[in-house]
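Right, one structure below, let's go through it.
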Amino acid sequence: MIGSANLNIMIKAARKAGRSLVKDFREVENLQVSTKGAGDFVSKADIAAETILKEELREARPTYGWLGEETGEAEGEDPTRRWIVDPLDGTTNFLHGLPHWAVSIALEHKGQIVAGVVFDAAKDEMFFAEKGAGAWMNDQRLRVSGRIRMIESIYATGVPFANSPHLPASLKDMARLMPVCAGVRRWGAAALDLAYVAAGRYDGYWERGLSPWDMAAGLVIVREAGGLVESITPEADIFESKSVICGNSNLFPNFAKIIRNEG
Ligand code: IPD
Ligand code: CA
Ligand code: CA
């Protein structure tokens with residue numbers, strides 16, 4: 001697969017940040033960690049990775065704007081384009097020595113996500129997509145699962161932190177979904193949850209209380225793999241509602257009905 005110049009810039013930046021994260025992951029017990037709130041951690045590794053990404057991406061495209069989890073928002077000379085970046089999605093896993101975390105980079109143009117890269121550096125799995133050009137993992141083309149029976153399907157979600165206002169809704173979602181499917185997984189990295197739906201590993205994924213950097217890259221990867229992606233609130237904007245639900249088109253209507261509690 002030959003990507004655009006922008007996609008190549010994103011992949012190169014993700015690999016560079018990934019190398020820094022892998023190094024820190026090997027010595028995770030020595031990392032300095034602070035908390036942004038209950039259950040919300042940030043480490044030196046997150047910040048170092050975002051610094052690398054910012055340098056690489058802004059050097060290659062100095063006019064683009066920026067939205068990064070650790071360094072916030074910066075307007076660019078070109079108001080139509082911006083990078084949306086989560087340098088380390090799955091920080092809690094990372095800090096516990098669990099090899100399930102990723103670098104996530106998206107490119108937004110005129111309010112639409114046009115390219116996304118989610119790099120699982122620990123497993124060397126590079127998920128990427130560009131609008132209209134399909135979704136890939138390394139050199140494999142991605143396609144969402146073809147399952148049609150709810151009872152054979154597996155879903156992923158994220159369960160919010162202890163004091164999150166989204167916790168009760170999330171627990172109720174699971175109480176409705178778990179009796180009618182083959183299982184629910186909660187692996188702690190939203191960007192990878194989306195990438196795994198694109199790869200057909202999960203049949204669907206939903207979560208409330210997400211930020212744009214958690215989802216942006218994964219959204220275009222799922223869409224380009226043939227999946228349906230919406231906000232949990234019907235018709236709402238995904239970023240504004242901070243929620244997402246996605247899956248293959250066979251199962252999506254029923255899955256969405258259950259999560260939206262539409263009886
Ligand atoms: C978190 C992860 C997690 C999701 C949380 C996110 P972080 O991102 O994606 O799976 O449930 O809502 O905040 O903090 O590890 O970048
Ligand atoms: Ca995140
Ligand atoms: Ca993060």
Side-chain angles (χ1 to χ4, degrees), residues 3-21 34-37 40-91 101-119 126-133 135 189-191 194-195 207-224 229-231 233 235-244:
S4 69
N6 275 337
L7 183 67
N8 291 331
I9 289 164
M10 293 160 79
I11 289 177
K12 184 170 161 245
R15 285 205 190 283
K16 193 161 179 193
R19 279 195 295 277
S20 158
L21 288 166
S34 48
T35 71
K36 295 192 261 187
D40 193 3
F41 301 99
V42 63
S43 69
K44 256 183 72 189
D46 301 67
I47 292 161
E50 184 150 327
T51 305
I52 291 169
L53 293 171
K54 205 164 183 177
E55 276 169 14
E56 286 283 308
L57 296 168
R58 300 209 81 181
E59 192 189 325
R61 294 288 182 259
T63 61
Y64 291 13
W66 179 266
L67 175 63
E69 178 172 14
E70 309 307 340
T71 57
E73 213 170 350
E75 264 183 38
E77 239 173 76
D78 176 351
T80 69
R81 291 182 174 83
R82 65 171 176 171
W83 302 114
I84 303 180
V85 168
D86 189 340
L88 172 54
D89 184 53
T91 296
W101 43 268
V103 177
S104 176
I105 307 170
L107 177 59
E108 188 184 59
H109 182 215
K110 295 185 177 164
Q112 273 196 17
I113 307 299
V114 293
V117 166
V118 172
F119 182 41
M126 178 73 74
F127 299 88
F128 58 94
E130 270 186 296
K131 200 162 173 260
L194 288 158
E207 185 161 351
R208 300 163 198 276
L210 290 174
S211 298
W213 48 80
D214 299 313
M215 312 185 257
L219 299 180
V220 65
I221 299 175
V222 175
R223 287 196 186 110
E224 287 297 318
V229 188
E230 292 181 7
S231 152
T233 313
E235 315 291 327
D237 177 81
I238 294 176
F239 288 173
E240 274 169 27
S241 76
K242 297 175 169 288
S243 74
V244 69

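- Remark: Lys54 NZ is packed, more than 12 non-hydrogen atoms of other residues, nucleotides or ligands lying under 6.0 Å away.
- Note that the CD1 atom of Ile84 and the CH2 atom of Trp213 stand 9.5 Å from one another [nearest 0.5 Å].
- In this structure, Gly72 and Glu50 approach most closely via the heavy-atom pair N-OE2, 4.4 Å.
- At least one side-chain heavy atom of Leu107 sits under 4.5 Å from a side-chain heavy atom of Trp83.
- Put simply, the side chain of Asp214 gets close to the backbone of Ser211: a donor and an acceptor are under 3.5 Å apart.
- Using modelled atom types, no side-chain atom of Thr71 and backbone atom of Gly68 make a donor-acceptor pair closer than 3.5 Å.
- One distance of note links NZ of Lys16 with CZ of Phe119; it measures 14.0 Å at 0.5 Å rounding.
- Annotation: side chain of Val103 is not in contact with side chain of Val118 (no heavy-atom distance under 4.5 Å).
- Taken to the nearest 0.5 Å, the CD1 atom of Ile105 stands 13.0 Å off from the CZ atom of Phe128.
- If you take CD on Glu55 and OG1 on Thr51, they are separated by 6.5 Å, rounding to the nearest 0.5 Å.
- Counting heavy atoms from C-beta outward, Asn6 and Tyr64 have side chains that approach closer than 4.5 Å.
- Summarising the geometry, atom CG belonging to Leu53 is positioned 12.5 Å from atom CZ belonging to Arg58; distances are rounded to the nearest 0.5 Å.
- The NZ atom of Lys110 sits 6.0 Å away from the OG1 atom of Thr80 when rounded to the nearest 0.5 Å.
- Taking each heavy atom of Glu56 and Ala13 in turn, the nearest pair found is CB-CB, 3.8 Å.
- At least one side-chain heavy atom of Leu57 sits less than 4.5 Å from a side-chain heavy atom of Ile9.
- Looking at every heavy atom in both residues, Ser243 comes nearest to Thr233 through OG-N, 4.0 Å.
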Does the pair Arg15 and Met126 meet the rule for a side-chain contact (heavy atoms from CB on, under 4.5 Å), with working shown?
-> CA-CA 9 Å; Arg15 285 205 190 283; Met126 178 73 74; 3.7 Å; yes

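- Of the charged side-chain nitrogens involved, at least one lies within less than 4.0 Å of a carboxylate oxygen, so that Arg82 and Glu73 count as a salt-bridged pair.
- For the pair Ala190 and Asp89, the tightest heavy-atom approach, listed with the atom from each and the gap, is N-OD2, 2.9 Å.
- Val114 places none of its side-chain heavy atoms less than 4.5 Å from the side chain of Glu108.
- When all heavy atoms of Leu219 and Leu194 are compared, the pair lying nearest together is N-CD1, 4.2 Å.
- In this structure, the side chains of Lys131 and Gln112 come closer than 4.5 Å at one or more pairs of heavy atoms.
- At least one side-chain heavy atom of Ser4 sits less than 4.5 Å from a side-chain heavy atom of Glu130.
- Trp101 places a side-chain heavy atom less than 4.5 Å from the side chain of Leu21.
- The two atoms that bring Trp66 and Val85 nearest to each other are CH2-CG2, 3.7 Å, heavy atoms only.
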